[in-house]
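Please read the structure below before turning to the comments.
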Amino acid sequence: MGTALIYDEEMTKYKLLWVDPACKIEVPERLTVSHGALVRNGLTDRCICLPVREAVDAEILLVHSEEYLEAVKQTPHMTLEDLKEFTLQYGDVYFHPNIYHCAKLAVGSALQLVDSVLMGKVKNGMALVRPPGHHSMRSAANGFCVFNNVAIAAQYAKQKYGVKRILIVDWDIHHGQGVQYCFEDDPSVLYFSWHRYEHQKFWPNLKDSDYDIVGKGEGAGFNINVPWNKVGMENSDYLSVFCHLLLPIAYEFCPDLVLVCAGFDSAIGDPEGEMCATPDIFAHLTYLLMNLAEGKLCAVLEGGYNLTSLAQSVCQTVQTLLGDPLPPLTNLTGPCRSTLESLQCVRAAHRQHWSCLRHAVDLPTFEISTKRIKLSGEGNKDEAEVGEEQKSPEEKIWPEPPKRICPPVCSAVVLPDGVVCPDACERLSSSEDLGPHLLTLKNDFLKDADDGAVTALSRVFSLIDKMKNNEIRNGLALVGDAAMTMTCVVQYVAAEVDSRVFLVCVGNGNIPSHVIEDGKTLVVQIKDEDTEEQGSKYYVPVCLKKGCTDTSGFAQAMFSLLLPLGYQYNPSLVLLVRMPGSGVCDIMWQQLTGLLQSFAHGHTLVLLQEDDKACVGPTASILLGNPAPPLGQLPASLKEDAEAVERLRSRLQADWNLLLTTAPENG
Ligand SMILES: NCCCNCCCCCS
Ligand SMILES: [Zn+2]
C-alpha cells in the first residue's frame, strides 16, 4: 500500500489584504514551496495523489457551533471593510473572500486522508493545507485557523469508522488549544502537544498550556502539554520527550489511528519558534509514530513560516511515510536543563494516569515548579550555550538534509537449504563467491567448525559487506549458533576503522568481554538471569524478573534505554540477535526490529538460531517495511523491573545524557 498526498493549489488563493504584523507570515507561498519541493525531489510521483473535496456543514459541525459556521459563511460576500470588522472579534487571524472556501477544502483534505487510510487504500499520508486548524475553537477563529482540521478529522474517524482510540501528536511549536479544548474530557482521544511557552510569556499565553493541564473528568491523563520554557531547543530535546514521555504513554494507550498536527514552525530558522531542531528530525518523529496503530498515520500541515526549513521538513516527513531509510542524526548533545525541568514536571503530573510512569523513581516527591525566577541575562537554552551570538531566525543556517538513498535490495537473507525464502526477500545464493575471507575466516574465527558453519558465516559477512556498500538495506540470517555468529560478526566489523556496532541481544547468553572493551560495540542485552556485574558504559545488561516474556518491562527498556542509547551512539550497523529460548513474544520482537531501523540508515542484521526458524517470516515482514502489529494496551511493568531499569538509567546517564529525565540538583 502506498502513501497518499493531498494538495490543491486552490488553497493558495487567499492572502492578507491589509496591514497586520501578526499575520503577515501566513502566506500562500507556504504551500507552493512545500509542494514544489516534493515535486522537485520526485516525491509527488511516488505518492498516491488524492483529490481534495469541500467539507460539508455536518462535518464542520462535528467541532464548531452553528452560529460560528453561519458567521463564517457570510465572509465571501463581505467588502474589505466588513472583512476587517469581522476579523477584529478574533485573535491573530485574518479573513478573505476566498478563505471560507479554502477552509472547507482544508477540512475536506484531512477527511479524504482519513478515509483513504481507514478504508485501507493507502498505508499513511499527508495533507498540505491552508488555513491551518489547531488553534480554531468551537466558536472562534484564532492563530491563522478557521476550522479545526485535525479535531474534525478525529471526530469523523470516531463517528464514521468507530475508531476507539486516536492519538493526536501536535509537533507544531504553538499549543493547539483548539484541539485541547475539543477533547479535554474525552479518554478516546489522547492529545499531545509541545509548544514554546516561556512561562506563559509566549503566544497564546495561556495557563491552559502548562504541563499540569492533564485533561478533565474521564479525560484526565489524556491531554499532555510539554512547555518549552526556552528557545533554541535542538534535536536532542525533541527526541528526549519522545523517548521518555510520548512513546511509552502512546504504546500504553495503543491507538488505532495516529493523526499529526504537522506544524513545522518547530524547525530551525522559523521566526515564530526560534528553535534549532533540523528538518531531518521530522523524519525520525514520523518514523517513531509509524510503529503505532500498524502504521495508520495521517499528517496534516499546520504552521511553518520559514519557507526553506518548511519545504525541507515536509520532504523529510513524506520520504519517511514512503518508507525511505532514515538519515542518521549527528551530534546529539543531550537535552538542556530547561527541557529536563519540563520533562520532569510533565512526567510527575501524569504519573498517576499512566502505569509506564508509576515506578519512575526519578520523579520528585516535591512539586518542582518550572516557574523559576528567570535569572538576569539568562538567554536561550542553558547559560553554557548562551555564548553563541543570537542570530535572528532568518540568518540561521543549517546543512541541507542528507540524501536518503534506497538500496536496490531491501532485505537479503542467509538461510539453510530447505528453509523457504520469504516473499520479496533476496536469498544470498550459494553460488555467491565465498570470497577471500573464507581462509582467514577459518583461521581467525572457526578453527574446528564444519564447512556448513564456515559457509554460513562467510555469507553473513557478505550481508555486512553489501550493507556497507548500500547494496542492501538490511539482512537476516538463520544460523546454527547465534552466539558464535554474533561474536564473529562483531569481530569482523570491528576490523573496520570507523565502525560502530549497536548490538542488541535478546535473551540469555554470554557476551565475550573482548566484544565490549573496544568501545566499537555498544551492547544492550535484555535477559532474565540476574547478573552480578553492573555492566559498563558499553555493556548494558537489562534484567527482567520474568525475562523477555514481560512485554511491559521489555517495552520500558526499549524506550527509556535502547532508543536513547542508540540515538546517542549513532551506530554504523545494528546487530539484533535473538538468543534461543529468550521467550520474547513475536509482536514485541517485531516492534523492536521496527524501532531499531531508526539507526544506521536502516542497516540492521538480524541473527536467528535455527530452531527459531518460525520467526523468519515475521522478522522479514518488518525488515521489508511492514508495520508491526500492536502490542495491545500495556499493563504496568513489575515494580522491581522498573526500578532496576531506572537504576540502570541513572548509572549510565553520566556517559549517555540522552538517558536523563530530570534536571540535576546542583546549580
Ligand atoms: N509574531 C506574530 C504572532 C503570531 N501569533 C499567532 C501564531 C499562529 C501560529 C499558527 S501555527
Ligand atoms: Zn504554529
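If you're wondering where the values come from, they're calculated on a predicted model, not measured in any experiment. In what follows, residues are counted from 1 in the order of the sequence shown. Ligands are counted one by one from 1 in listed order, and the atoms in each one are counted from 1 as well.
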Considering both backbone and side-chain atoms of E302, is one of its nitrogen or oxygen atoms within less than 3.5 Å of a nitrogen or oxygen in ligand 1? no

Donor-acceptor pair between R404 and T320 side chains, under 3.5 angstrom: yes

Is it the case that the ring center of Y197 lies less than 6.0 angstrom away from the ring center of H175? no

Determine whether the aromatic ring centres of residues W194 and Y211 are separated by less than 6.0 angstrom. no

Just to confirm my output: which protein heavy-atom neighbour is closest to atom 1 (N) of ligand 1, and how far is it? E272 OE2, 2.8 Å

Using 2.8 Å as a strict upper limit, say whether an N, O or S atom of D265 approaches the Zn ion (ligand 2) that closely. yes

To which protein heavy atom is atom 11 (S) of ligand 1 closest, and what is the distance rounded to 0.1 Å? Y305 OH, 3.1 Å

Would you say the ring centroid of W171 lies under 6.0 angstrom from that of Y238? no

Given atoms ND1 of H174 and OD1 of D172, what angle do they subtend at the Zn ion (ligand 2), to the nearest 10 degrees? 100°

Nearest protein heavy-atom contact for atom 5 (N) of ligand 1: which residue, which atom, what distance? D92 OD2, 3.1 Å

Does R138 qualify as a cation-pi partner of Y181, given the criterion of NZ or CZ under 6.0 Å from the six-membered ring centre and within 45 degrees of its axis? no

With heavy-atom distances below 4.0 Å as the criterion, list the atoms of ligand 1 near H134. 11 (S)

